[in-house]
Amino acid sequence: MSADFWNRIAARYARDPISDMAGYQATLERTKHYLTPTAHVLELGAGTSSTALELASRVARYHATDVSSEMVRIGRQKAEGTSIEITVADADAPELHTGDYDAVLAFNLLHLVPDPARTLAHVRKMLGPGGVFISKTACLGDAALARRSLIGAMIPIMQVLGKAPRPVHFLRGPALLEMIRAAGFDILEETSSGAALPRHYIVARKV
């Protein structure tokens, strides 16, 4: 996943309001159920660390990562005075394969990584025994045909113009669940939201 696009839009990304605040709050509340005061948590694709700031006080250690150095810079400013560790790292970075995280979080990320199946295999290496992987993913392949066709036509043009990231995968919910299972996880919870652009919230435990 190229950092250039995310570096360019980082300032605007930090300013823009969350488009679905109710959905975001619901995601936070569900995620809190799986976090404990002794947990070590890793967040992949953390952006400017807004979610880290919401969740870090509930755990012993919170490590937020993003491929974009500019996102990380802004995140560090926002998190100044907290214990959150914020570093530049790709979701597939070998240095994250510590095997000692109790939870790995990836919100709005899996459809943007070069190879989702490979990233899921790497996530399993990051987690300790019985650790949980918590994700929320835009499943563009589940959108209605007309919307899916429109998005499919627009994204290549936007990528050429530098207005969209590369890559963007058109994942489908059932296929994503099977991909997570195939990577060595049991599904604990799965919900979907958003009729126009379905997003799947999935909690899976390492087996």
Side-chain angles (χ1 to χ4, degrees), residues 1-32 41-57 62-93 96 103-116 119 123 133-140 143 147 150-171 176 193-194 196-202:
M1 188 163 57
S2 172
D4 294 342
F5 171 80
W6 301 105
N7 283 335
R8 286 199 310 272
I9 71 162
R12 187 178 80 242
Y13 180 92
R15 291 193 306 267
D16 286 349
I18 295 171
S19 59
D20 179 12
M21 182 56 75
Y24 177 68
Q25 292 294 339
T27 296
L28 290 177
E29 291 306 309
R30 288 307 307 154
T31 300
K32 288 174 184 177
V41 175
L42 171 67
E43 184 181 355
L44 304 173
T48 60
S49 295
S50 295
T51 297
L53 287 164
E54 294 286 345
L55 298 177
S57 63
Y62 199 107
H63 183 188
T65 67
D66 199 273
V67 70
S68 164
S69 59
E70 188 62 15
M71 293 280 194
V72 165
R73 184 189 65 79
I74 296 170
R76 286 173 175 167
Q77 288 181 340
K78 291 165 60 175
E80 188 173 357
T82 74
S83 62
I84 302 170
E85 179 185 2
I86 306 175
T87 61
V88 178
D90 187 271
D92 297 338
L96 299 177
V104 173
L105 316 181
F107 299 129
N108 301 305
L109 178 71
L110 287 177
H111 64 300
L112 301 175
V113 298
D115 185 340
T119 295
V123 167
F133 173 54
I134 305 175
S135 63
K136 190 172 185 178
T137 306
C139 288
L140 303 176
R147 179 174 289 271
L150 178 61
I151 295 172
M154 289 178 61
I155 283 180
I157 297 171
M158 294 175 67
Q159 288 172 332
V160 169
L161 297 174
K163 302 294 185 182
R166 297 175 185 268
V168 176
H169 298 288
F170 279 63
L171 299 176
L176 177 59
S193 61
L197 182 57
R199 300 178 189 275
H200 288 261
Y201 176 80
I202 301 170

Exercise for the section: Any chance you could measure Ser50, atom OG, to Ile18, atom CD1, to the nearest 0.5 Å? Expected result: 6.0 Å
Fill in the blank from the handout: dist Leu161:CG -> Met158:CE (nearest 0.5 Å) comes out at 8.5 Å
Practice task
With side-chain hydrogen bond (donor to acceptor under 3.5 Å, both in side chains) as the test, would you mind laying out the steps for Thr51 and Tyr24 before giving the verdict?
Solution key: CA-CA 9 Å; Thr51 297; Tyr24 177 68; 3.0 Å; yes
Can you give me the closest heavy-atom contact between [X] and [Y], atom names plus distance?
X	Y	answer
Val113	Ala91	CG1-CB, 4.4 Å
Ala164	Ile155	CB-O, 4.4 Å
Tyr62	Ala52	CE2-CB, 3.4 Å
Phe133	Ala106	CE1-CB, 3.7 Å
Arg199	Ala138	NH1-CB, 3.7 Å
Thr48	Ile74	CG2-CG2, 3.9 Å

Donor-acceptor check, side chain of [X] to backbone of [Y], threshold 3.5 angstrom: yes or no?
X	Y	answer
Arg15	Ala10	no
Ser68	Met71	yes
Thr82	Ile84	yes
Arg76	Ile86	yes
Glu43	Thr65	no
His169	Pro114	yes

Practice task
For the pair Leu176 and Cys139, evaluate side chain to side chain contact (heavy atoms under 4.5 Å, CB included) and give the outcome as yes or no after the intermediate values.
Solution key: CA-CA 8 Å; Leu176 177 59; Cys139 288; 4.1 Å; yes
A side-chain contact here means heavy atoms from C-beta on lying under 4.5 Å apart; do [X] and [Y] qualify?
X	Y	value
Asp66	Val88	no
Leu105	Leu42	no
Leu140	Arg147	no
Thr137	Ile202	no
Arg30	Leu28	no
Leu44	Val104	yes
Lys78	Leu53	yes
His63	Thr87	yes

Problem - Thr27/Lys136 under side-chain hydrogen bond (donor to acceptor under 3.5 Å, both in side chains): CA gap, chis, key distance, verdict - result: CA-CA 8 Å; Thr27 296; Lys136 190 172 185 178; 2.9 Å; yes
Handout entry: Geometric class of the Tyr201/Phe107 ring pair [parallel <30°, tilted 30-60°, perpendicular >60°]
Key =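 The rings of Phe107 and Tyr201 lie parallel, inter-plane angle below 30°.
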Handout entry: Residues Leu112, Trp6; criterion side chain to side chain contact (heavy atoms under 4.5 Å, CB included); working and verdict
Key = CA-CA 12 Å; Leu112 301 175; Trp6 301 105; 3.8 Å; yes
Who pairs with [X] by salt bridge (Lys or Arg N to Asp or Glu O under 4.0 Å), at least two apart in sequence or on another chain?
X	answer
Arg73	Glu70
Glu85	Arg61
Glu80	none

Problem - Residue Lys32 excluded, over 12 heavy atoms near NZ under 6.0 Å - result: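 Correct, the count exceeds 12.
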